[in-house]
Novice: 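I'd like to ask some things about the structure below.
The basis for the numbers below is simple: all heavy atoms, side chains too, and nothing from hydrogens, waters or symmetry mates.
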Amino acid sequence: MPRTTQRRRARATTRDADDFFRDLVGGGDVGPAEDLLARASDALTRARDELRARVGLPAASPAPATPMPVATPVPAMPVASPLPAPTAIAPQPSEDATTTYFRMRVDADRDGAVDGRDPPTRWTWGATGRGAAVLPNVDSDNPGPAVDTGNATIDAGNDATDIAPLRIEPTPSTTPPAGTQLELRVSPPGVVRIFDGTSPGATEIIGPTAGAHHRFTALPTAPLQLGMEALRLAGRGFDGLVEITLRTVLPSGRRLTQRTVVRVAPWIMPNHTHRAEAVFVVDVGASNLRFRTELRRLVTAAGCTLVEHADADRWMQDAMEFGVTNLPSAGFRTVLRAPRDRPLQSFPRTLLSADLGYTEQGTLRPDTTFDSHGNLEASPAVDVGGKFYRFGRIYYGPGRPHERLDPEIRAFLRAQLVQDPFEVDTNWLVVGHVDEVVTFVPTQATTGNRFKMLIACPRRAYAILDGLARTHPTAPMFAGRSLDGTTPLQTDVTTFLGLADDVHPALRRLVAAGRVTHRARRLRRYNLDRQANLDAIRATMVRELGLTAADILEVPAIFMPNPHTPTLADALVPGMVNMLVVNGHCIVPKPFGPVVAGVDKFEEDLTSQLAPLGLTVSFLDCWDEYHVLLGEVHCGTNTLRTPNRGRWWLYQP
């Protein structure tokens, strides 16, 4: 026997034995006692046959029934008549070891239809890979507000389109012996549900209620159509792979086994180059009415709908992140609630509807600033050293010691695989979100990367100011602005260039009161250090996304020490990088930079870089509503984008 055949048989034997002993110690649904004994007998028989094969002996046939032994008569004791000879019992015919009575079929080639050949026992990626996908059915096609995975039936509406097919076919020209049983198992339990059909009204045969093992009451005589849905996304403790086993148990106890592995479809984040449909903003009353009114005008001009939600928590970006999950034939968007213990925590679930799912990852308590989803962004598609990320890559700030991003969120993002997340050091910022310093905008380029990365840059801001100091030294800055609501910030270019870094009046007051320790130095010097932080971020983005200098635009930015934690930075000039990008429109925080002849030179510089890309640039005043509260336009909004149902299975991890 070839060694490869021996190894294959040995592995199959080992799997059956492993299954038996796992069940024996409580690792799965074992069924009735006779089933457990049959599994033990089968595993031992397979092991015996494998040993015989390795030494060149034929496999043993099933043992015939043994007649009851009869005691030998004692010669010295006469009997009236001799005992009749025992009647021999003919051995039962053995089943054909090569016959397979039932076959399992799935959409292993990912074309939206069930394959006609055996499914793979291993799930593989790429254009030549094989293995079916299952959708996490977390939208709501039922009449109530419950997620579809919360009930044991396929609902009406379009719920059936969210179900992946699984078919069991009788093998042509074979008839299983009387007494044959057919069973289906999944592992791990509790992560998928299998229905007895694929149409509305089909009910669970494997799942939270029925368990991980199903024995069919009657053997199918025609192809049996079943349906599958995933009950959860990959994440901590679950890699997204599910093994499905079909077993034919013959009267002799011998079992014919077929296995396949399916993968739960990943949750994939969109990016700013995808089309936007709706923008969400919090209505906090009169305090942001002016902002919302102007935002509505700009969003409408970009072809979007503005959705306002009344709440006391204004940071809509931090509350949630939208993503998409899909099969080859269907899919929908799913909102990920941020593990953030703030009033907006209940809002994402209100969005649950048909084809808009909902999922929670991470725990609300304790939470940190890094758990907010302004700290969770995705790049456009990139090619990094010949490896193509068709859905871009996710990036986030990991946090500081004792203030880390929720480990369940981190595990969840990594388990999706296709966007291969990476970390960006934002721990020098008091808020610490990646959207404070980096963003992406689309371009009309026809070759190379069809986007530009924007990064905050104090070096560029000071270059503009230094030029103005020679030509317009008295150009005003921060006209009508205040950081604390009482102390005017307005100054001119020359005065600003000489400022110390304790520019925030609250910092000066706290230092004077002995409540904060801070030794003031030149604001320019402080920003040179922040530039070093930003240059490190730039290097990370270049390395992880395969960018060139031509892919990056620098945006004027100036930082200052946070008054309560001076070792951490705030934006002094409203962070223009923290913009809302929708359908080629950039809605940018108004910077209140140096003004010459009615033109803000920081605005002019950014517009001169973005307009040639075919982008419309508008500046929106968010100073009082968001900036002095440590956020900007992007922080206060969130965007629902058209789902990109791409072929994620083509990715090569």
Side-chain angles (χ1 to χ4, degrees), residues 428-429 436-439 441 452-483 488-504 521-538 549-561 569-579 581 586-613 615-623 627 632-634:
W428 53 277
L429 291 159
E436 297 179 75
V437 291
V438 172
T439 195
V441 297
K452 297 291 184 185
M453 186 188 88
L454 277 55
I455 187 166
C457 184
R459 179 173 50 235
R460 191 174 186 91
Y462 273 95
I464 293 171
L465 292 172
D466 288 340
L468 291 173
R470 294 188 293 271
T471 60
H472 298 85
T474 60
M477 298 178 64
F478 304 122
R481 301 298 100 187
S482 171
L483 291 170
L489 184 61
Q490 182 168 334
T491 185
D492 58 52
V493 169
T494 300
T495 303
F496 182 84
L497 288 173
L499 287 178
D501 66 2
D502 57 354
V503 62
H504 200 301
R521 54 180 177 156
R522 291 283 297 277
L523 183 62
R524 181 193 287 265
R525 177 70 256 177
Y526 180 82
N527 274 272
L528 285 175
D529 289 344
R530 302 294 71 78
Q531 185 65 61
N533 297 132
L534 288 157
D535 287 345
I537 290 176
R538 178 185 177 125
D551 296 321
I552 302 171
L553 302 178
E554 296 178 341
V555 178
I558 297 177
F559 297 87
M560 64 180 174
D570 288 342
L572 171 55
V573 171
M576 292 190 288
V577 162
N578 194 265
M579 65 179 68
V581 183
C586 300
I587 303 174
V588 184
K590 186 174 179 60
F592 293 95
V595 176
V596 176
V599 177
D600 185 312
K601 291 299 182 178
F602 286 169
E603 291 184 15
E604 181 182 58
D605 180 77
L606 182 59
T607 302
S608 70
Q609 297 187 76
L610 297 184
L613 305 178
L615 300 171
T616 299
V617 184
S618 304
F619 293 90
L620 176 57
D621 177 6
C622 65
W623 186 285
H627 175 65
E632 317 288 1
V633 174
H634 188 259

Novice: In the structure I gave you, are the side-chain heavy atoms of P591 and F619 within less than 4.5 Å of one another anywhere?
Specialist: yes
Novice: Just verifying a value: how many Å separate L620 CG and M579 CE, rounded to the nearest 0.5 Å?
Specialist: 12.5 Å
Novice: Taking all non-hydrogen atoms of both residues, which atom of F592 and which atom of A479 are closest, and how far apart?
Specialist: CD2-O, 4.2 Å
Novice: Within the distance-only criterion (no hydrogens, no angle test), does the side chain of S608 pair as donor or acceptor with the backbone N or O of D605 below 3.5 angstrom?
Specialist: yes
Novice: List in chain and number order the residues that pass side chain to side chain contact (heavy atoms under 4.5 Å, CB included) with R525, two or more places apart in sequence or in another chain; answer none if no residue qualifies.
Specialist: R521, R522, L528, D529
Novice: Closest approach of R530 and A569, non-hydrogen atoms and distance?
Specialist: CD-CB, 3.7 Å
Novice: How close do A571 and H627 get, counting heavy atoms only, and between which atoms?
Specialist: O-CE1, 3.2 Å
Novice: Per the side chain to side chain donor-acceptor pair (under 3.5 Å) rule, what does the pair list look like for residues 588-600, sequence neighbours excluded?
Specialist: K590-E603
Novice: Are the side chains of M453 and D551 in contact, using a 4.5 Å heavy-atom criterion?
Specialist: no
Novice: Any side-chain heavy atom of L489 sitting closer than 4.5 Å to one from V503?
Specialist: yes
Novice: Who passes side chain to side chain contact (heavy atoms under 4.5 Å, CB included) against A500, sequence neighbours left out?
Specialist: D502, A520
Novice: So, using ring-ring contact (aromatic ring centres under 6.0 Å, His included) as the criterion, who are the partners of F559 when residues are at least two apart?
Specialist: W428
Novice: Whether the side chain of Q531 engages the backbone of R459 through a donor-acceptor N/O pair (distance < 3.5 Å, no angle test) should be reported.
Specialist: yes
Novice: Just jot down the side chain to side chain contact (heavy atoms under 4.5 Å, CB included) partners of T474, sequence neighbours excluded, or say none.
Specialist: none
Novice: Mind running side-chain contact (heavy atoms from CB on, under 4.5 Å) on Q609 and L454 for me, showing each step along the way?
Specialist: CA-CA 10 Å; Q609 297 187 76; L454 277 55; over 6 Å; no
Novice: Taking side-chain contact (heavy atoms from CB on, under 4.5 Å) as the criterion, tell me which of L553, V437, T439, L606 meets it with V577.
Specialist: T439
Novice: Are any non-hydrogen side-chain atoms of R481 and D621 less than 4.5 angstrom apart?
Specialist: yes
Novice: Taking the side chain as C-beta and beyond, is there a heavy-atom pair between N533 and L429 under 4.5 Å?
Specialist: no
Novice: For the backbone of I587 and the side chain of H634, can you confirm whether one donor and one acceptor N or O come within less than 3.5 Å of each other?
Specialist: no
Novice: Is N527 reaching over with its side chain to a backbone N or O of L523, donor-acceptor style, under 3.5 angstrom?
Specialist: yes
Novice: Taking R524 as the fixed residue, which of I558, L497, D501, L499 is the one that meets the side-chain contact (heavy atoms from CB on, under 4.5 Å) rule?
Specialist: L497
Novice: Using every non-hydrogen atom in the two residues, find where E632 and G575 come nearest and quote the distance to one decimal.
Specialist: OE2-N, 3.0 Å
Novice: Applying ring-ring contact (aromatic ring centres under 6.0 Å, His included), name anything that partners F496, two or more places apart in sequence or on another chain.
Specialist: F478
Novice: Please name the pair of heavy atoms, one in Q490 and one in P476, separated by the smallest distance, quoted to 0.1 Å.
Specialist: NE2-CB, 4.4 Å
Novice: With a 4.5 Å heavy-atom cut-off, do H472 and V493 have their side chains touching?
Specialist: no
Novice: From L615 CG over to C586 SG, what is the distance, rounded to the nearest 0.5 angstrom?
Specialist: 4.5 Å
Novice: Any side-chain heavy atom of I464 sitting closer than 4.5 Å to one from P556?
Specialist: yes
Novice: For residues R538 and E554, report the shortest heavy-atom separation together with the two atoms involved.
Specialist: NH1-OE2, 3.0 Å
